[in-house]
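Notes for the one structure printed next.
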Amino acid sequence: MGSELSRWVEERLDADGSVTDEAGLLVLAALEGQQSLESYLAGGAAPARTQEDTPTRIRPSSEEPSGAFLAGLRVQGFRGIGPSVDVDLQPQPGLTIVAGRNGSGKSSLAEALEVALTGSTYRWGRKGSVQWKEQWRNLHHPAPAGVEVRIAEEGRGQTTIGLSWEDAETDVGAFSTWVQRPTERRQPGLTSLGWERALQTYRPMMSYDELGGLLEGGPSGLYDALSAALGVEELSAAIKRLDIRAKTLKAPEKELTARRRALQTEAKGIDDERAQQAAALLRSSAPDTAALRGLATGSQAQDSGPLAWLRSILDLAGPGAEEVELAGTGLAAGVQGMVDAGVEMLDRQRRRVDLREQALHLHDQFGDMTCPVCSSGELDDRWAESSRQYIAQERTKFAQLDRAQQDLELARRSARALITHRPATLNASPLGSLDDATRRARDAWDAWAAVPEDDQDLLTHLRERHGEVDESLEALRTDAVAEHQARQDAWTPLATRLATFADDWDTWLERKPLADQVDAALKWLKSNDVALKNERLSPIADEARHAWALLRQESNVDLGSVTLEGTATRRRVAIEATVDGEETGALTVMSQGELHALALALFLPRAALPESPFRFIVLDDPVQAMDPAKVDGLVQLLTELAQTRQVVVLSHDDRLPAAARRAQVPVRILEVARGERSQVSVRESEAPARRHLRDAEALVKDGELPDDTLRKVLPGVLRFAVEAAARDRFFSRRLREGALLHEVEGLWGDHHLTRERVSLAVFDEVRPDLTAWLAAPYRKKTLGITTSGMHDGLGERANLEDAVHDAKRFVSDVEQGNRS
């Protein structure tokens, strides 16, 4: 029905030129559900428009989804039921009446089924908490209570739903549920069935109390009950969703404006350039959120101002103590190295060596001669050899001097490199509280920057001035850290709120364009709500009028229109009627029995809609307060429903079973009896096949019926028995195995011959040759009587009693699927 409703809405939206496409899509998204609306509002895909031709009215879908039949129910220790009792149901369309006197356990079975499927019962909600929370257990069954519901799911097979209490003292609400599907692991809860919404929309169970309560809740209560029962709650839910979202979408503007002003006032009072910039940005009614976010997160760096100066101070560092110590040590070592090398003595010696080396060159060139310097010594070969040895020894001493000079120069350059000019950061402080510390650091650095020329003075400068610089910088950094932390302590909470505000403001700006569209969608849906609901209701109201026509019987009240009117606190249901041709309101003129019949007429059409996943309808004591004529009408109505639904009716007296027998409709009657110590038993009163066999026996024993007439009628009665047994066997087996109902009905309908239907029941297929199975004489005779005998009748030699006896054996074989 959801797609039909969507198409109906689409038609109205397309025809209304005043509504925008965006507002129309919002209406469709709200109808699809909360998740769809939220997804679309968050930028998700637009709701899909239907592709089918738009109908002129909302009508039930002709295609049924996969559904479920009831296959059985087992109950123990619950209310009036003590030891375990098992109710076997035929999972197929048809009428089943479960009859039992008051106190037999019949209603306990109904409530066990209801609580297993829905988690509660209508009656529980209306009883006192003490009675139902403390006295729900069966007194004769000390073991924990339990309920199992067997269902036949189309396309899956037989599934079991379990309900159990851990011990006999457990509170009524402290039960656990589970679902066991064929070949699958047991799943806790009922979520895997996917029936949560369907149980509200297409509720398949109704008790006498609930039928009465349907019309006793006042105008708005009836409106809500009928809306839920008829599945039109999508419209109210959509309006509620749009209303909530409209309020939610518009709410941020006022709240954010107040936050902006409060943040601006707070920022103005903080002595921080970031706060002052934020205050300036927040003056605008449309603040620059990117700039605010940059300030808040620090991604927008401060290039000037006290904060930038403080950060430069925190990053400022003079020469490291280890570097200065290392440079001083190197310089002292260089100076000492020169001292150790004997600079002056080695210089005089270098000149002597140079002079002797020149004399040696002269000897090498001109040979032996008198020394040209002293004019007394001889420069001969002996002298030359000794001179060469002397020069080599002295040159080694000169290399030591050269190395000492190089080491000293390197140490001198390293020391001077550590002494740099004062950084600009120390020129002045933008913060008065740090003026003195800045001045001391500046003076210390200026003194450090004055480089002495003398190596010894330089060494003293390194060791004395560096400590002053290091001490003053550390003092300045300590003060800067304290100042920076104080500013951060004041700024950080504001920054956090600014970042949150910026995000919230951007979110609001993104969603603001939707606010008007949501408002438009809400107004449109509200204005079309009543028309939408009543057209949605129209085909169901038609079915309700048809149901009432069958139920009213001798009543002079004729049901007219059923419409929903008003909204919110003024909502109500208008049920029109005529009494002897005079128009009036139905609720004011109907008797109690008529009101119950009306409630039933309103409930059944909705429960039987094709799109419901429930192929069953369960009614508990619907005939209370009904006069006999209405009971006959109820049988007629239930028989119609049983063409497509499994209808299970629990009745406290024999009026309904008797009416079904009088009407000679296909019905299965189960009788419930309660023995000592809450021992409940359920037995089948008479299956359709067995009833036909009983009718055949009665015909044979009827001495007043002409023999030739009997021989013509009997084959038809026996055929009814055979085909009824075959149909029950075939439908039950196939549906328990998970076959789809329309497939089973189609296969059955495609084979009209009794022989084919018997083959389907016994072998689950149509076998062209049944010779082997018909080897048993009684089978062959019965099949012959129920086929060719339909046209020729029974011959004069045929024994009528034997024919009925053979048919009984034949039916038993079919019911049991006996292939041997």
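Keep in mind the model is a prediction, meaning the values are calculated, not measured. Residues take their numbers from the sequence shown, with the count starting at 1.
H742 and E154 form no side-chain donor-acceptor contact under 3.5 Å, judged by distance and modelled atom types alone. Side-chain atoms of Q92 and S732 form a donor-acceptor pair, as typed in the model, at a separation below 3.5 Å. A donor atom on one side chain and an acceptor atom on the other are not found under 3.5 Å apart for T160 and E148. For the residue pair S678/R674, the side-chain donor-acceptor check at 3.5 Å is satisfied. Donor-acceptor pairing under 3.5 Å is lacking for the side chains of T754 and T786.
Legend: residues meeting side chain to side chain donor-acceptor pair (under 3.5 Å) with S192, ordered by chain and number and at least two apart, are absent. Residues that satisfy the ring pair (Phe, Tyr, Trp, His ring centres under 6.0 Å) test with F69, not counting sequence neighbours, are absent from this structure. Partners of R668 according to the salt bridge (charged side-chain N to carboxylate O under 4.0 Å, His left out) rule, which considers only residues two or more places apart in sequence or in another chain, are E684. The side-chain contact (heavy atoms from CB on, under 4.5 Å) check on R757 picks up E723, W748, H752, with sequence neighbours excluded.
Screening residues 809-819 for salt bridge (Lys or Arg N to Asp or Glu O under 4.0 Å), with sequence neighbours left out, gives R690-E815, R779-D813. Under the ring pair (Phe, Tyr, Trp, His ring centres under 6.0 Å) criterion, no residue pair touches residues 630-688, with sequence neighbours excluded.
In this structure the side chain of F763 never reaches within 4.5 angstrom of the side chain of V758, judged on heavy atoms. Put simply, the side chain of L637 reaches to within 4.5 Å of the side chain of L604, judged on heavy atoms.
No salt bridge links D558 with R545; every basic N to acidic carboxylate O contact stays at or beyond 4.0 Å. Using a 4.0 Å cut-off between charged nitrogen and carboxylate oxygen, R101 and D621 do not count as a salt-bridge pair.
With rounding to the nearest 0.5 angstrom, the OG1 atom of T96 is 13.0 Å from the CZ atom of F616.
At least one test fails for R727 against the ring of F730: distance under 6.0 Å to the centre or angle within 45° of the axis.
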